Undergrad: 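Quick one: the structure is below, and I'll ask about it shortly.
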Amino acid sequence: MLKTDGIFGDIQTNYPNIKFVRISRKGSSQNDLLKLIEIILKEDYEIDINMCGTIPKKYIYIDDCIYSGNTAYYDLKNWLEKNDELVIEELHTIFLAAYASGYYSFTKKECLHYLMN
């Protein structure tokens with residue numbers, strides 16, 4: 001079951017505001033993780049993942065691991081450049097594991113500072 005506070009809040013109420021982005025340029029781990037989230041949403045909440053994000057305010061980028069930080073950085077940078085009209089209230093990055101130096105490098109990148117300001 002998805003945690004229903006923090007990022008998601010009340011998932012049954014907030015799912016139209018939560019957009020899971022599929023922007024990974026490498027590998028299939030992001031798609032695999034989103035498939036797992038889709039299963040949980042359907043089984044536990046009767047929500048189809050395609051129903052999420054119809055009125056997006058929170059964007060969620062999820063991936064298995066952050067190594068150097070470059071993959072996530074370039075995924076997000078390219079996505080932001082192509083979608084500069086988006087109004088992003090929150091962008092959450094979720095990784096199952098992270099190298100400390102890669103996470104540090106990732107959080108210092110310019111696209112993240114743009115979003116935080």
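Everything numeric in this text was worked out from a predicted model, so none of it was measured.
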Undergrad: Listed by chain and number, what are the ring-ring contact (aromatic ring centres under 6.0 Å, His included) partners of Phe95, not counting sequence neighbours?
TA: Phe106

Undergrad: For Tyr99, check ring-ring contact (aromatic ring centres under 6.0 Å, His included) against everything at least two apart and list the hits.
TA: Tyr67

Undergrad: Are the side chain of Asn17 and the backbone N or O of Lys57 linked by a donor-acceptor pair below 3.5 Å?
TA: no

Undergrad: Give a yes or no on whether Leu86 and Leu80 share a hydrophobic cluster (residues Ile, Leu, Val, Met, Phe, Trp, Tyr; joining criterion: side-chain heavy atoms under 4.5 Å apart).
TA: yes

Undergrad: Can the ring centres of Tyr59 and Trp79 be said to be less than 6.0 Å apart?
TA: yes

Undergrad: Check side-chain hydrogen bond (donor to acceptor under 3.5 Å, both in side chains) between Tyr61 and all other residues, then give those that pass, not counting sequence neighbours.
TA: Asp75

Undergrad: Which heavy atom in Ile23 sits nearest to a heavy atom in Gln30, and how many Å separate them?
TA: N-OE1, 2.9 Å

Undergrad: Of the non-hydrogen atoms in Glu38 and Asp48, which two are nearest, and what is the gap between them?
TA: OE2-OD1, 4.4 Å

Undergrad: Report the residues that fulfil side-chain hydrogen bond (donor to acceptor under 3.5 Å, both in side chains) with Asn83, sequence neighbours left out, ordered by chain and then residue number.
TA: none

Undergrad: Applying side-chain hydrogen bond (donor to acceptor under 3.5 Å, both in side chains), can you list everything that pairs with Glu90, at least two apart in sequence or on another chain?
TA: His92

Undergrad: Salt bridge (charged side-chain N to carboxylate O under 4.0 Å, His left out) with Asp64: which residues, sequence neighbours excluded?
TA: none

Undergrad: Do any N or O atoms from the side chain of Thr107 and from the backbone of Tyr103 form a donor-acceptor pair under 3.5 angstrom?
TA: yes

